[in-house]
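This is a predicted model, so every value here is computed, not measured. Residues: numbered from 1 along the sequence shown.
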Amino acid sequence: MNTRCALTIVIPCKDDPRVLECLASIDVDCEVLVVVNGSSDAFVTAISVALAEAGAVMIYREEANLSAALEHGVQTAGNDAILFMDADCQFEPGTIDRLYAAMTTGGAENKVYKGSVCFDRGHGYLPRLIARSRHVHTTAPPTAFKPPLLVHRGLAPRIGGYFFDSRLLWKEDADLDWRLREAGVAVAPVANALIRHAALDICTDLRSNYRYGVGAALGKLMAIPLTTPDRSLRRTLQSEGIAVAGYMSLANLARGIGYRWTLLMAAVRGSD
């Protein structure tokens, strides 16, 4: 590794041992914060030594709340340049350097910097469909969805004084993207800044889509505007074919169930 970089990488993690593979992919000398987010005592005990050996600082939060975990990482970071990463992803060589160099040359006052996600297609037909479906709704148009997303702490006063709203259990980065754009902050894609996302099975992916629906409903209930990714079946059919469009329709159904169920439960509680 070269001279220590004035960068902090924030990785929220809940009971996911793949965070060690994520840490192993970091190829710059910088501060790394792993925010252990509502994990079991057994996981914390098992992972704490390995995190220390990998040079990461562990921050423990008892409550499982992704938004709060990310914001805690921001507040704890020792550097103004903060890179958000996920525990189930790995950096491709040179990605961190490319993102940091982009901020250094392009400025941090009016831009955030976004890398690309390559979804592992795993083994079998269905994981390949899931990977292709994910690629569709995470790449168009460029958004400040994480990971990987590099921001400067100095942007916070322009976007409400915070990056992540703890009231939003899901869709936390859709809220961030909206506030950045409203403040005139552009999302700058960085060429060849690539991370690899672990392969997704159908249960994990549909659960995530359900949670996206929950987050969207929470945003509606609290009047928090959110950026909505393009989940168009027509565009998916045109670009990826009928099989991927078919799976996208299933993912959209899971999202819709999460959305409508959350609104229904809110209405029921409101009528009590």
Closest contact, heavy atoms only, V117 versus P147:
CG2-O, 3.1 Å

Grab the two heavy atoms, one from P142 and one from R181, that are nearest each other, plus how far apart they are.
O-NH2, 2.5 Å

Donor-acceptor contacts, no H, no angles, side chain residues 237-245, under 3.5 Å, sequence neighbours left out:
| from | atom 1 | to | atom 2 | distance (Å) |
| --- | --- | --- | --- | --- |
| S239 | OG | R235 | O | 3.0 |
| E240 | OE1 | R132 | NE | 3.0 |
| E240 | OE1 | R132 | NH2 | 3.2 |

Output for pair (L226 CG, E172 CD), nearest 0.5 Å, gives 10.0 Å

Just by distance, do the side chain of R179 and the backbone of Y162 share a donor-acceptor pair under 3.5 Å?
yes

Check whether V185 and L176 end up in the same hydrophobic cluster, where Ile, Leu, Val, Met, Phe, Trp and Tyr are linked by side-chain heavy atoms less than 4.5 Å apart.
yes

Heavy atoms of L180 and A144 approach each other most closely as CD1-CB, 3.7 Å

Shared ILVMFWY cluster between L200 and Y125, side chains joined below 4.5 angstrom?
yes

For S67 and D165, the nearest pair of non-hydrogen atoms, with its separation, is CB-O, 3.2 Å

Side-chain heavy atoms of N110 within contact of L155, under 4.5 Å:
no

Charged N to carboxylate O under 4.0 angstrom, K171 versus D175?
no

Donor-acceptor pair, distance only, cut-off 3.5 Å: does the side chain of T8 make one with the backbone of I82?
no

When rounded to the nearest 0.5 Å, the distance separating CG of L129 from CG of L250 is 10.5 Å

Between CG of L20 and SG of C22, what distance do you get to the nearest 0.5 Å?
9.5 Å

Going by heavy atoms in the side chains, are S39 and V36 under 4.5 Å from each other?
yes

Please give me the minimum heavy-atom distance between H152 and A108, naming the atom from each residue.
CB-CB, 3.5 Å

Mind running side-chain contact (heavy atoms from CB on, under 4.5 Å) on V74 and V10 for me, showing each step along the way?
CA-CA 8 Å; V74 171; V10 173; 5.6 Å; no

Taking salt bridge (charged side-chain N to carboxylate O under 4.0 Å, His left out) as the cut-off, I'd like each qualifying pair that reaches into residues 68-94, sequence neighbours left out, listed once.
D80-R153, D86-K146, E92-R196

Contact summary for L233 and M248, nearest pair of heavy atoms
CD2-CG, 3.5 Å

State the CG-CZ distance between N252 and R231, to the nearest 0.5 angstrom.
4.5 Å

Please list all pairs passing the salt bridge (charged side-chain N to carboxylate O under 4.0 Å, His left out) test where one or both residues lie in residues 202-212, with sequence neighbours left out.
R134-D205

Mind checking whether H197 and F119 have ring centres under 6.0 Å apart?
yes

Find out whether I59 and T76 are in side-chain contact, i.e. whether some heavy atom of one side chain is under 4.5 Å from a heavy atom of the other.
yes

Contact between P148 and L99 at the side-chain level, heavy atoms closer than 4.5 Å - yes or no?
yes

Side chain R128, main chain G124, donor-acceptor under 3.5 Å
yes

Using atom types as modelled and distance alone, determine if a side-chain donor or acceptor of R158 lies under 3.5 Å from a backbone N or O of E109.
yes

Treating Ile, Leu, Val, Met, Phe, Trp and Tyr as nodes and any side-chain heavy-atom pair under 4.5 angstrom as an edge, say whether I9 and Y113 lie in one connected cluster.
yes

Sequence-distant partners of S116, side-chain contact (heavy atoms from CB on, under 4.5 Å), two or more places apart
L194

Is the side chain of N65 donor-acceptor paired with the backbone N or O of A68 at a distance under 3.5 Å, no angle test?
yes

Could you go through the side-chain contact (heavy atoms from CB on, under 4.5 Å) check for V35 and I11 one step at a time?
CA-CA 6 Å; V35 187; I11 309 171; over 6 Å; no

With T227, which of T143, D177, D173 fulfils side-chain hydrogen bond (donor to acceptor under 3.5 Å, both in side chains)?
D177

Qualifying ring-ring contact (aromatic ring centres under 6.0 Å, His included) pairs, either residue in residues 238-269, two or more places apart
none

Given side-chain contact (heavy atoms from CB on, under 4.5 Å), test V57 with V32 step by step and report yes or no.
CA-CA 6 Å; V57 175; V32 180; over 6 Å; no

Mind checking the CG-CZ spacing from L66 to R61? Nearest 0.5 Å is all I need.
10.0 Å

According to the ring-ring contact (aromatic ring centres under 6.0 Å, His included) rule, which pairs have a member within residues 60-101, sequence neighbours left out?
F84-F164

Do any N or O atoms from the side chain of S249 and from the backbone of G246 form a donor-acceptor pair under 3.5 angstrom?
yes

Side chain of N79, backbone of A81: donor and acceptor closer than 3.5 Å?
no

Do M85 and L7 share a hydrophobic cluster (ILVMFWY, side-chain heavy atoms under 4.5 Å, transitive)?
yes

Do L218 and T262 make a side-chain contact, defined as non-hydrogen atoms from C-beta onward lying under 4.5 Å apart?
yes

Checking side-chain contact (heavy atoms from CB on, under 4.5 Å) for the pair V112/L150: CA distance, chi angles, key distance, verdict?
CA-CA 6 Å; V112 297; L150 178 61; over 6 Å; no

Between the CG atom in D16 and the CD atom in E21, the distance rounded to the nearest 0.5 Å is 8.5 Å

Transitive ILVMFWY side-chain link V190 to I195, under 4.5 Å:
yes

